[in-house]
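Notes follow once the structure below has been shown.
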Amino acid sequence: IASGVIAPKAAWPWQASLQYDNIHQCGATLISNTWLVTAAHCFQKYKNPHQWTVSFGTKINPPLMKRNVRRFIIHEKYRSAAREYDIAVVQVSSRVTFSDDIRRICLPEASASFQPNLTVYITGFGALYYGGESQNDLREARVKIISDDVCKQPQVYGNDIKPGMFCAGYMEGIYDACRGDSGGPLVTRDLKDTWYLIGIVSWGDNCGQKDKPGVYTQVTYYRNWIASKTGI
Amino acid sequence: MYRTVGFGTRSRNLKPWMIAVLIVLSLTVVAVTIGLLVHFLVFDQKKEYYHGSFKILDPQINNNFGQSNTYQLKDLRETTENLVDEIFIDSAWKKNYIKNQVVRLTPEEDGVKVDVIMVFQFPSTEQRAVREKKIQSILNQKIRNLRALPINASSVQVNAMSSSTGELTVQASCGKRVVPLNVNR
């Protein structure tokens, strides 16, 4: 997370770190005691589920809890070059025990809509700047949803923004997701402090650059796909 | 002259340091007693969990423009939690009421079934069954006069939960966390 702050303990209890051979690769979000949502592109290089693990807590080391991955399901239409359908679900081999520090997030209905300029939060263990290293401590930043009109402008991302994607951040840059945050959550809350997962960190040019906000997989667009794979 | 064992004629006036020790000891005893009373009466209140369920009949949630449209479960959750808050904050138990959490919304033919966990704090361990009835009657009574949501008052059911089950149910529900938001910028 570029220009973020270190997250307080238990602040984002649904955040997970997806690791291959115990090395952080991507973020993920807990949606039940056995399922997580992440980005499909996290599994481009490493396809063997048995070498993947998931850890919970605001530090990668020492983790609060660790689980092996039983399997992951990548969206059937995902093609790495196009970046569309950048969503996957991960099933862990044994149930997660909920606590004050580990909880699941709510999923919005497919029909829910979230307006541009809505305040949302991004969290992750990714780099602090482009080319930087992943972090051991979870970081957080507050950003805003950017309208498609703005994001599809030629000097921003033009036609690269497809249905099922949306932009969030600031046109001035600065606050943004970065390498290693992929697959992690973009969340918002209702007036009763119930939190909902509405985006998955997917791609962007560089990190925190002007006119290049983050691009997120739109959870409502894939809500029925998630239900079909996980039953949630 | 009898040589009975008796008190010697030597004067037994307490020395000043002994008086000081006695005063400190008695103050300590008083402080500990007050502390224990406060602890058990105020702080040692037990959290009690009650499971409530009721049915919202074909809910229409007014969107920002005042038109009623088909509800979003997300909005229904928020409205219901607000409603239960208002009911108990406005009741004789407002000092005992902590929070409520909608743990499940189940769309059914004629509406939506709501499962909610209500959390209270009470000093004594009065009969849970008595409290259960009281909570049910508060809900029943208030729900009848509500316009925010068309709730079928006869569908209201309340059951006491064990603290462990209550705590686990709250932890297992989605989207809630124990930390208030304070992302400083």
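Reminder, nothing fancy here: chain letters follow the sequence lines and each chain counts from 1.
- When the shell of 6.0 Å around NZ of B:K134 is examined, it contains 12 or fewer heavy atoms from other residues, nucleotides or ligands.
- A donor-acceptor pair is defined here as one N or O able to donate and one able to accept, closer than 3.5 Å; no such pair exists between the side chain of B:Q72 and the backbone of A:E109.
- When all heavy atoms of A:C106 and B:G175 are compared, the closest pair comes out as SG-N, 3.5 Å.
- Within 6.0 Å of atom CZ in A:R223, more than 12 heavy atoms from other residues, nucleotides or ligands are found, so the atom counts as buried in its surroundings.
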Next on the checklist: Applying side-chain contact (heavy atoms from CB on, under 4.5 Å) to A:K192 and B:K176, what does each step give before you reach the verdict?
Outcome noted: CA-CA 9 Å; A:K192 295 302 290 174; B:K176 295 289 191 182; 4.1 Å; yes
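- Enclosure of atom CZ in A:R67 by more than 12 non-hydrogen atoms of other residues, nucleotides or ligands within 6.0 angstrom is indicated.
- A distance of 12.0 Å separates CG of A:L107 from CG of B:L73, quoted to the nearest 0.5 Å.
- In this structure, the side chains of A:T194 and B:E81 come closer than 4.5 Å at one or more pairs of heavy atoms.
- Residues of residues 167-174 of chain B lying within less than 4.5 angstrom of chain A, judged on heavy atoms, are B:E167, B:V170, B:Q171, B:A172, B:S173, B:C174 in numerical order.
- Listed in order of number, the residues of residues 86-105 of chain A that approach chain B to under 4.5 Å between heavy atoms are A:F98, A:S99, A:D100, A:R103, A:R104, A:I105.
- Only the side chain of A:P13 comes within less than 4.5 Å of a heavy atom of chain B; its backbone N, CA, C and O stay farther away.
- Here the CZ atom belonging to B:R177 is positioned 5.5 Å from the CH2 atom belonging to A:W14, to the nearest 0.5 angstrom.
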